[in-house]
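Step one of this worksheet: look at the structure below.
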Amino acid sequence: MATLLPAGRAAQCALAQEDPEVYAAILHEERRLLDKVQLIASENYVSQAVLEATGSVLTQKYAEGLPGRRYYQGCEWIDRVERLAIDRARRLFGADHANVQPHSGSQANQAVYFAALQPGDTAPASADWYRRGDTAPASADWYRRGDTVLAMDLAEGGHLTHGSPVNLSGRLYRFVHYGVDRATGRLDYEAIARLARAHRPKLIVAGATAYPRVIDFAAFRRIADEVEALLMVDMAHIAGLVAGGAHPSPVPHADFVSSSTHKTLRGPRGGMILCREGWARALDRAVFPGTQGGPLEHVIAAKAVAFAEALRPDFALYARAIVANARALAEALLAEGLNLVSGGTDNHLILVDLGPDGPTGAAVAAALDEAGIVCNKNAVPGDTRPPNQTSGIRLGTPAVTTLGYGPREMATLGRLIGAVVRAPGDAAVLARVRADVRRLTTAVGERALA
Ligand SMILES: *Cc1c(COP(=O)(O)O)cnc(C)c1O
């Protein structure tokens with residue numbers, strides 16, 4: 001269990017002396033983290049041990065290359081740390097090979113693409129045909145198309161790095177996108193298979209940023225095999241659930257598994273990639289020198305610590321408690337009359353569909369924040385509003401579960417969220433909810449410190 005204070009005061013004394021402005025901002029952030037209820041699905045509270053590794057002297061060392069094969073002297077202890085991280089990641093997920101150097105989940109994805117795909121020439125983003133994601137006009141013979149990739153649409157729950165036109169991935173490769181079934185809010189594997197047959201992608205990407213249901217990785221493998229595509233699973237959101245046995249593992253099915261390490265997995269901000277042995281060398285080279293320079297060894301040390309924490313039996317209990325809490329929160333929201341994409345959840349997150357005529361996601365997220373509940377606005381499948389407004393909010397339980405919240409607190413939160421969604425502009429309602437949230441955070445804080 002994480003401690004409540006993100007960093008020891010003593011360790012911050014030098015910072016307080018040297019830079020009171022940064023120090024004060026960090027103190028305020030500490031307070032905010034405990035004073036409001038954190039329901040952002042991609043965030044968590046890490047352990048004191050993870051924080052200490054992240055704040056260590058390892059931040060100073062250059063270590064380009066891999067353990068035992070570095071371009072710099074003085075890496076004997078760095079090598080020890082990175083080997084621990086690699087070995088633990090492989091053990092945790094049962095993978096042939098692990099690269100723990102990606103600076104983030106996005107960097108991990110770029111490295112997989114760089115290892116497995118042929119990029120095209122980048123087209124100017126302003127070109128009309130390009131923005132539509134259309135095929136290039138025949139006259140554009142200067143433009144060599146990159147390999148084709150089939151992935152989930154950002155607007156349907158995918159990630160920016162899954163081929164959005166504003167992301168490097170969408171500029172370098174030819175992405176074709178699948179979404180969810182409008183009626184059920186779920187992936188339609190037959191529809192995905194039809195797209196795969198029509199477009200013959202070199203790579204299929206499974207994984208999402210806002211999908212509340214179990215993903216059937218075996219089904220994705222069957223589709224990939226049928227069209228002779230590679231399969232990459234981006235498990236950024238669910239890595240902790242996979243580690244704890246609360247979501248089926250993609251590792252037996254995928255050629256590559258990319259992830260961030262700071263979401264349900266409860267490690268430092270960062271990324272990692274698992275792959276089959278045959279891809280190990282190409283993948284390592286795609287990370288360095290392909291897409292990165294010196295690795296962040298202080299973060300890699302913290303990843304090693306987090307992997308060890310996730311290997312302990314109590315992490316499985318944590319993963320199951322995240323899902324149980326999400327279910328309880330979904331039940332409470334349904335009882336408030338709210339609409340949930342797919343009608344509920346199997347994992348750590350919930351997408352509330354506010355409807356095209358309801359308040360915007362932006363308005364509800366801002367009102368909830370004022371009332372002490374922190375979440376994010378999120379597009380819902382088929383959303384007609386722009387991405388900075390949206391018709392939905394996304395809620396997740398990894399952080400509150402770390403603090404020890406249980407189904408009883410979820411029922412309370414569901415009631416409070418319902419009140420805010422019904423009256424996001426009513427200052428009296430927000431003040432009443434804020435007072436109730438304070439009682440909740442105080443009770444949890446006292447229990448944790450007891
Ligand atoms: C969060 C996320 C990422 C990227 O993570 P960063 O560390 O923010 O770059 C990639 N893919 C998916 C599906 C995600 O949810």
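Both counts, for ligands and for their atoms, begin at 1 and track the order of listing. Keep in mind that what you see is a predicted model, and the values were worked out from it rather than measured.
For the pair S42 and ligand 1, no heavy-atom separation below 4.0 Å is found.
Distance check, rounded to the nearest 0.5 Å: CG of D346 to OH of Y211 gives 8.0 Å.
Counting heavy atoms closer than 4.0 Å to ligand 1, residue K263 contributes side-chain atoms (C-beta onward) but none from N, CA, C or O. Counting heavy atoms closer than 4.0 Å to ligand 1, residue S106 contributes atoms from both its backbone and its side chain. Under 4.0 Å from ligand 1, not a single heavy atom of S258 appears.
Contact atoms of ligand 1 toward D234: 10 (C), 11 (N), 12 (C), 13 (C) (distance under 4.0 Å to a heavy atom of the residue).
Ring centroid separation for the pair Y189 and Y178 does not come in under the 6.0 Å cut-off. Taking the centre of each ring, F315 and Y318 come in below the 6.0 Å mark.
Between T209 and ligand 1, a contact under 3.5 Å exists for at least one N or O pair. Residue G105 places at least one N or O, backbone or side chain, under 3.5 Å from an N or O of ligand 1.
With hydrogens left out, the protein atom closest to atom 3 (C) of ligand 1 is H159 NE2, 3.3 Å, a heavy atom. Annotation: atom 8 (O) of ligand 1 to nearest protein heavy atom, H262 NE2, 4.4 Å.
A salt bridge links R197 with E226; the closest basic N to acidic carboxylate O contact falls under 4.0 Å.
Taking the six-membered ring where tryptophan is involved, the planes of H177 and F175 are essentially parallel, since the angle between them stays under 30° and well short of 60°.
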Go through it in stages, so that I can follow the logic: the residues are K36 and E370, the test is salt bridge (Lys or Arg N to Asp or Glu O under 4.0 Å), and I'd like the CA-CA distance, side-chain angles, deciding distance and then a yes or no. CA-CA 9 Å; K36 293 186 174 181; E370 197 174 325; over 6 Å; no
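Within the cation-pi definition used here (under 6.0 Å to the ring centroid, within 45° of the axis), R276 does not qualify as a partner of F256.
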